[in-house]
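Structure, as structure tokens:
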There are 2 protein chains.
Amino acid sequence: MKTLSDRQQRILSFIRDFLEEKDYPPTIRDILKACQISSTSVVDYNLDVLEREGYIRRDAEVSRGIELQDRRRRRERLVPVPVIGRIAAGEPIPVPAPDNWSMLAAAEVVELSQELTRGQEKVYALRVKGTSLVDALIDDGDIVLMQYVTAAENGELVAVWLKAEGEVTLKRFYREPGRIRLQPANSQMQPIYAEPANVEVQGKVIAVVRQLG
Amino acid sequence: MKTLSDRQQRILSFIRDFLEEKDYPPTIRDILKACQISSTSVVDYNLDVLEREGYIRRDAEVSRGIELQDRRRRRERLVPVPVIGRIAAGEPIPVPAPDNWSMLAAAEVVELSQELTRGQEKVYALRVKGTSLVDALIDDGDIVLMQYVTAAENGELVAVWLKAEGEVTLKRFYREPGRIRLQPANSQMQPIYAEPANVEVQGKVIAVVRQLG
DNA sequence: TGCGTTATAGAACAGGCGTTCGAAACATGA
DNA sequence: TCATGTTTCGAACGCCTGTTCTATAACGCA
């Protein structure tokens, strides 16, 4: 990647500013005026250089057919995550049905990088209420990122739906002979034992986010 | 906000898909072909409706002058945060100089919503090494979001630079008569006492992010 | 039935816009 | 100094593109 000329850098940053303001790319003549160039062919020439050097991508014969490469890369790393409610001991989670996943209406949406969600699909978020998870280093008010799964490995922190009781809690999951042990992360609380038929896994915790004052 | 007609919804989602793929808006005739409309005036008509209803914004007499409103809102809520290194007891943090903030080259960048960073400027991130912060509910491997500040309130979790020792640690900050107490979050560790002249605050923790296996 | 509103359609206009070509200025290096 | 490649310039071509005008239904409402 060669070093850009002064004029090329000005063009590049103008395109960036233009996109920031308008959300669509400038025309060649927009660039011409902004960078005080006297001919469209000069702009065309320098845009070709910028494309050859990998800074932009051009679509031939298309008005405003300019795309910033780093902008595209950044956009592709982002995932919108719906925050769909709160969780606390004894309160049900309104877990979305897995079918209408894309169109769910969440009051809050957090955009996170794919590094955080590990590129997983079916990710949602819950706000934790109470200190029942302090031993899992999860505090009151934390946001837990959940992935929708229906099966869990031993020791994983999962949201489980207890059918008979009609409630959902966040516990560590252990499959034992003839029963399932749901271990609270808080050591002062007792484990819950449940029959396998009564337990429905609704998701596992894949990340924790906390904001401090 | 009235309910959109079938055709208007198709137009809206086509614009969205087009932007997703190309990163610049479609022309009226692009929409015409994609939505099987037989006249440009019909597209124009429906775009006007979409603008009146607040879904898009149009720039008059400008090719591809269409902007999705939610796209703009989303973009403005995002902030790129550089992950600039690791922190552990006895290791220095490479805190960036506050002057060349915008142009720093970080190995890793996390994009976060402004809700997370609280819209603050000068935010960076550190990866935590070791369990010295377990009592602050911060685990080994967690990412702490830091805001660059040079002064701290009592009790805040801050990164401090000990000039004489030439090292940086993450501790709770307490100003005491004639000295500063740096309290480890881990209760098994002893506090450090330092002279005020020897202490330089380099940032405070504003959020914690953890990924689980 | 008549009337205003909404939605669709076709066509044409005028300026927008990317492209191309010839020429010249400029820098680089043998 | 000459040759070569880079960069700039002005102008013109021709398709692209938003706009506008007129016409035609479809629909609700009185």
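Letters go in sequence order (proteins before strands), and every chain restarts at 1.
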Quiz item: Atom CD of E61(B) to atom P of dC13(C): distance rounded to whole Å?
Solution: 18 Å

Quiz item: Below 3.5 Å, does any donor atom in the side chain of T40(B) face an acceptor in the base of dT19(D), or the other way round?
Solution: yes

Quiz item: Between R64(B) and S63(A), does any side-chain donor sit less than 3.5 Å from a side-chain acceptor?
Solution: yes

Self-check item: Spacing between L47(B) atom CG and dT8(C) atom C1', to the nearest angstrom
Solution: 14 Å

Practice problem: Nearest whole angstrom, please: distance from the P of dT20(C) to the CD1 of I28(A). | Solution: 11 Å

Quiz item: On a plain distance test, is the side chain of R29(A) in donor-acceptor contact with the base of dG16(C) below 3.5 Å?
Solution: no

Practice problem: Using whole Å, report how far CD of Q36(B) lies from C1' of dT8(C). | Solution: 15 Å

Practice problem: Check for a donor-acceptor pair, side chain of D142(B) on one end and backbone N or O of I138(B) on the other, with a separation under 3.5 Å. | Solution: no

Quiz item: Taking atom types as they are modelled, is there a donor-acceptor pair under 3.5 Å from the base of dG10(D) to the side chain of S39(A)?
Solution: yes

Quiz item: For the pair made of CZ in F18(B) and C1' in dT17(D), what is the distance, rounded to whole Å?
Solution: 13 Å

Quiz item: Counting any heavy atom closer than 4.0 Å, what does T27(B) reach on the DNA or RNA strands: base, sugar-phosphate only, or nothing?
Solution: sugar-phosphate

Exercise. Determine: side-chain N/O of R7(B) to OP1/OP2 of dT6(C), distance under 4.0 Å, yes or no.
Key: no

Exercise. Side chain of Y45(B) only, please: which of dT8(C), dT17(D), dT19(D) is the nearest?
Key: dT8(C)

Quiz prompt | Most 5' of V62(B) and Q8(B) on DNA chain C, judged by nearest nucleotide | solution = Q8(B)

Exercise. Could you tell me the separation between the CD1 atom of I11(B) and the P atom of dA7(C), rounded to a whole number of Å?
Key: 11 Å

Practice problem: Would you kindly say whether T27(A) and D30(A) are connected by a side-chain donor-acceptor distance under 3.5 Å? | Solution: yes

Exercise. Apply the test salt bridge (charged side-chain N to carboxylate O under 4.0 Å, His left out) to residues E156(A) and K204(A): give CA-CA distance (whole Å), side-chain angles for both, the deciding distance (0.1 Å), then the verdict.
Key: CA-CA 7 Å; E156(A) 279 185 338; K204(A) 65 175 183 180; 3.4 Å; yes

Exercise. Kindly say if R58(B) contacts the phosphate of dT19(D), meaning a side-chain N or O under 4.0 Å from OP1 or OP2.
Key: yes

Quiz prompt | Salt-bridge present (R210(B), D140(B); N to O < 4.0 Å) | solution = no

Exercise. Provide, to the nearest angstrom, the distance between the CG atom belonging to D59(B) and the P atom belonging to dG15(C).
Key: 20 Å

Practice problem: May I ask you to evaluate whether N46(A) reaches the phosphate of dT8(D), defined as a side-chain N or O under 4.0 Å from OP1 or OP2? | Solution: yes

Self-check item: Length of the line joining Y24(B):OH and dT17(D):C1', which is rounded to integer Å
Solution: 14 Å

Exercise. On DNA chain C, check which nucleotide each of S5(B) and S41(B) is closest to and give me the residue with the more 5' one.
Key: S5(B)

Exercise. Report yes if a donor N or O on one partner sits less than 3.5 Å from an acceptor N or O on the other, where the partners are the side chain of S38(A) and the base of dC9(D); otherwise report no.
Key: no

